[in-house]
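These notes concern the structure reproduced below.
Note that the coordinates shown come from a computational prediction; the quantities given were computed from them, not determined experimentally. Lettering of chains follows the sequences in order, A, B, ..., and the numbering in each one begins at 1.
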Amino acid sequence: MPVVRLYNTMTRAIDPIEPVEPGHVRIYCCGPTVYDHAHIGNLRKYVCDDVLVRTLRHAGYRVTHVMNVTDVDDKIIKAASGGLEAIRAYTAPYTDAFFQDLATLRIQSPDIVCPATEHIEQMVEMVQRLVERGHAYESDGSYYFRIASFPEYGRLARLDSAGMRAGARVEVDEYSKDDVRDFALWKAHREGEVAWDTPLGHGRPGWHIECSAMAMHYLGESFDIHTGGVDNIFPHHENEIAQAEGATGKPFVKYWVHHEHLLMDSQKMAKSLGNTFKLRDLLTQGIDPVALRYLLASAHNRTQLNFTSEAVEQATHTVKGLHDFMRRLSEARVDEGEPRELAQQAEEARKGFFDAMYNDLQTPQALAALFDLVKNANIALQHKTCVTGDLDVVRDVMRDFDEILDVLDPGEEPVLDEDIERMIQERTEARARRDWAKADEIRQALEGGGVLLEDTADGTRWKRA
RNA sequence: GGCGGCGUAGCCAAGUGGCUAAGGCGGCGGUCUGCAAAACCGCUAUUCACCGGUUCGACUCCGGUCGCCGCCUCCA
């Protein structure tokens, strides 16, 4: 099994992955808060997770992929006052829309999807364990994590407690905490808010407890990879570590993977700037979701991806080019024969691609290897220097690449449109009579309907623009 | 104010202390074509934000400047 290396925020180094259980990677990915539709910046994160999981599977690991759905938090409570039914009614459409978005972008579903509201019991148990071990205390019906009891606090984000105390933001304490740094594990019920009756009292879970509790519930007290956006490093992931390790005394996660943000026209995305585009907005503009997947996957996960309309257009062209190539590959007529030079080039490309992916998911270099193969195959096809055995290997390698990328299938099959076929036939006859005016007229008519014609040695074919 | 990341061609985006600074998109010229499209061939950064320093040699290491992005406790 090849060694897969990943940049680990905890060590700030590219570490070889050695799972707790050999051959089996357990991974937890922070999921959406379903109080609104996901925007394209959110979705980049899930494409990055998808590429990671597919790469691990391709390397031969069994992967257990868990993702949470935050369906109760301050924003949701504010938007949907009332009980659990009101919360569910509010979040369900956003949850559905989220998974539709994932499917549109060809993101594989996690093995386990866990909504917070269905795991209150696990969270309560965890808070109880923290109280027993002296890491948590109760105050006015709420429970807090005592930062002072966990000296390791701040290791992931590399923040020291002195710095945190002197932080620019000192909030007025709205609950009664022993220390301003302490964070809520469980919040006492307040009028109008959803609440559960539990051994901790009448209330609801705090901000961070769900991920620690559910991750450990499904993946064990120590597991391999935890992902999130860079904005989750602090405080969310720092608090997860404190909760989990405080409760068990064992290491929580071996490798922390954080994905960088998307920039919109070189600016951060913010609702105040009005540049938080949702997937459905982009699709309405006629943008191909496969091109979006390609664009989101084409930059390294730790660099800010500059999302511009020009970049989207370029990705669209690139993906179309790949689809043209796959079609040429399937239609190519070459002599029978055993694999030769092109097959060897294909195997080199395969190695280059996966070496790059296994080395910290370097998709840009992997793509360079892919385009190298496309180029070589085109040259061989152009000069007829390849045989059937070569093309079999090229197809196999391209399929292998697509296990990760999943962009080579154009999606909708071109519908066989009898009118189009009839017009092409008419044009072919016109061309046979050398009636170019008529031929061009038909071509232009079809172009007006979004159909492009290509005259090849094997006859005229068409594709949608 | 503190911590961290980034600044590479028209655009997107890799990369290394020293052979010609990946790849994609776009553009220009050519081959092919009735014309196109696709494909192929050639060209498209003497230079890696700027200024210093270390070094035989830096885009890559160090310092500074400018610009952008994120985080700095419960997103009121």
Side-chain angles (χ1 to χ4, degrees), chain A residues 9 12 33 73-75 78 142 144-145 147 153-154 157-160 162-175 177 179-185 187 206-208 229-239 242 258 260-263 266-269 271 294-295 298-300 302-325 327-328 352 356 362-372 374-375 377-383 430-431 434-437 439-440 443-444 447 452-457 460-463 465:
Chain A
T9 307
R12 309 281 161 125
T33 299
D73 85 326
D74 292 352
K75 286 177 187 169
K78 196 176 172 186
S142 292
Y144 300 95
F145 188 93
I147 300 285
Y153 193 78
R158 308 219 166 171
L159 294 172
D160 59 56
M164 284 184 280
R165 279 181 198 281
R169 285 210 250 158
V170 179
E171 299 292 331
V172 176
D173 205 356
E174 78 178 279
Y175 296 89
K177 296 186 287 191
D179 185 321
V180 289
R181 298 173 302 159
D182 293 348
F183 60 91
L185 298 164
K187 296 185 177 184
W207 193 18
H208 313 287
V230 286
D231 57 324
N232 286 145
I233 296 172
F234 194 90
H236 186 54
H237 289 164
E238 197 70 58
N239 289 355
H258 291 100
E260 250 300 348
H261 283 163
L262 186 69
L263 296 184
S266 304
Q267 291 200 298
K268 64 174 175 181
M269 284 210 303
K271 285 190 174 172
Y294 176 86
L295 176 60
S298 66
H300 187 91
R302 276 184 293 108
T303 67
Q304 294 172 336
L305 169 66
N306 194 13
F307 192 93
T308 63
S309 58
E310 201 174 351
V312 172
E313 276 176 43
Q314 291 173 4
T316 304
H317 285 143
T318 304
V319 165
K320 278 203 169 115
L322 289 172
H323 294 163
D324 280 343
F325 174 71
R327 179 164 169 171
R328 183 174 313 118
Q362 302 193 71
T363 45
Q365 280 130 309
L367 288 170
L370 177 150
F371 288 111
D372 226 29
V374 171
K375 181 94 167 177
N378 275 327
I379 290 170
L381 287 168
Q382 178 99 348
H383 300 294
R431 293 179 73 222
R434 305 183 73 81
D435 182 355
W436 309 126
D440 289 346
R443 185 212 294 281
Q444 278 161 23
E447 269 178 28
L452 294 183
L453 299 185
E454 293 180 3
D455 297 325
T456 74
T460 300
R461 67 182 199 188
W462 63 277
K463 63 181 181 184

Of the listed nucleotides ([options]), which one gets closest to any side-chain atom of [X]?
X: A:Leu295; options: B:rA36, B:rC41, B:rC12; value: B:rC12
X: A:Glu454; options: B:rG70, B:rC25, B:rA37; value: B:rA37
X: A:Asn378; options: B:rC25, B:rC72, B:rA39; value: B:rA39
X: A:Pro235; options: B:rC72, B:rC41, B:rG24; value: B:rC72
X: A:Pro364; options: B:rG24, B:rU73, B:rA22; value: B:rA22
X: A:Ala368; options: B:rC11, B:rA22, B:rA38; value: B:rA22
X: A:Lys75; options: B:rA38, B:rC75, B:rG24; value: B:rC75
X: A:Leu263; options: B:rC75, B:rA38, B:rC69; value: B:rC69
X: A:Phe234; options: B:rC72, B:rG70, B:rC40; value: B:rC72

- For the pair A:Gln362 (side chain) and A:His300 (backbone), establish whether a donor and an acceptor sit closer than 3.5 Å, ignoring hydrogens and angles.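 No, because the side chain of A:Gln362 does not come within donor-acceptor range (under 3.5 Å) of the backbone of A:His300.
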Could you tell me if [Y] and [X] have a donor-acceptor pair between their side chains, going purely by distance under 3.5 Å?
X: A:His237; Y: A:His208; answer: no
X: A:Asp73; Y: A:Thr33; answer: no
X: A:His261; Y: A:Asp231; answer: yes

Determine which nucleotide pairs with [N], using a 3.5 Å limit on both distances of a Watson-Crick or G-U wobble pair.
N: B:rG7; result: B:rC66
N: B:rC40; result: B:rG30
N: B:rC61; result: B:rG53
N: B:rA45; result: none

Under-3.5 Å donor-acceptor pair between [X] side chain and [N] base:
X: A:Arg328; N: B:rA39; result: no
X: A:Asp372; N: B:rG23; result: no
X: A:Asn306; N: B:rC11; result: no

Just to confirm, is there a sub-4.0 Å distance from OP1 or OP2 of [N] to any side-chain nitrogen or oxygen of [X]?
X: A:Gln314; N: B:rA13; result: no
X: A:Lys268; N: B:rG70; result: yes
X: A:Lys375; N: B:rA22; result: no
X: A:Thr303; N: B:rA14; result: yes
X: A:His317; N: B:rG26; result: yes

With a non-hydrogen cut-off below 4.0 angstrom, is [X] in contact with a base, only sugar-phosphate, or nothing?
X: A:His300; value: sugar-phosphate
X: A:Glu260; value: nothing
X: A:Ile233; value: nothing

Looking only at atom [atom1], what distance separates [N] and [M], rounded to whole Å?
N: B:rC68; M: B:rC61; atom1: C1'; value: 24 Å
N: B:rA13; M: B:rC25; atom1: C1'; value: 11 Å
N: B:rA49; M: B:rC12; atom1: P; value: 15 Å
N: B:rG18; M: B:rG42; atom1: C1'; value: 29 Å

**Request:** Quick one: closest heavy-atom pair of A:Tyr294 and A:Val319, and the distance?
**Result:**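 Taking A:Tyr294 first and A:Val319 second, the nearest heavy atoms are CB-CG2, 3.5 Å.
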Query raised in the report: What are the two closest non-hydrogen atoms of A:Ser266 and A:Asn306, and how far apart are they?
Result: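 So the minimum-distance heavy-atom pair works out to N-OD1, 2.7 Å.
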>> Both A:Met269 and A:Arg302 contact RNA chain B. Taking the nearest nucleotide for each, which residue is further toward the 5' end?
In response: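 Result: A:Arg302.
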Could you tell me the separation between the CG atom of A:Asp440 and the C1' atom of B:rU33, rounded to a whole number of Å?
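Spelled out: CG on A:Asp440 to C1' on B:rU33 is 12 Å.
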TODO: Report yes if the ring of A:Phe371 lies under 5.5 Å from the six-membered base ring of B:rG23 with planes under 30°, and no otherwise.
DONE: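 Stacking between A:Phe371 and B:rG23: absent.
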- Task: Step by step, work out the salt bridge (Lys or Arg N to Asp or Glu O under 4.0 Å) result for A:Glu260 and A:Arg302.
- Result: CA-CA 5 Å; A:Glu260 250 300 348; A:Arg302 276 184 293 108; over 6 Å; no
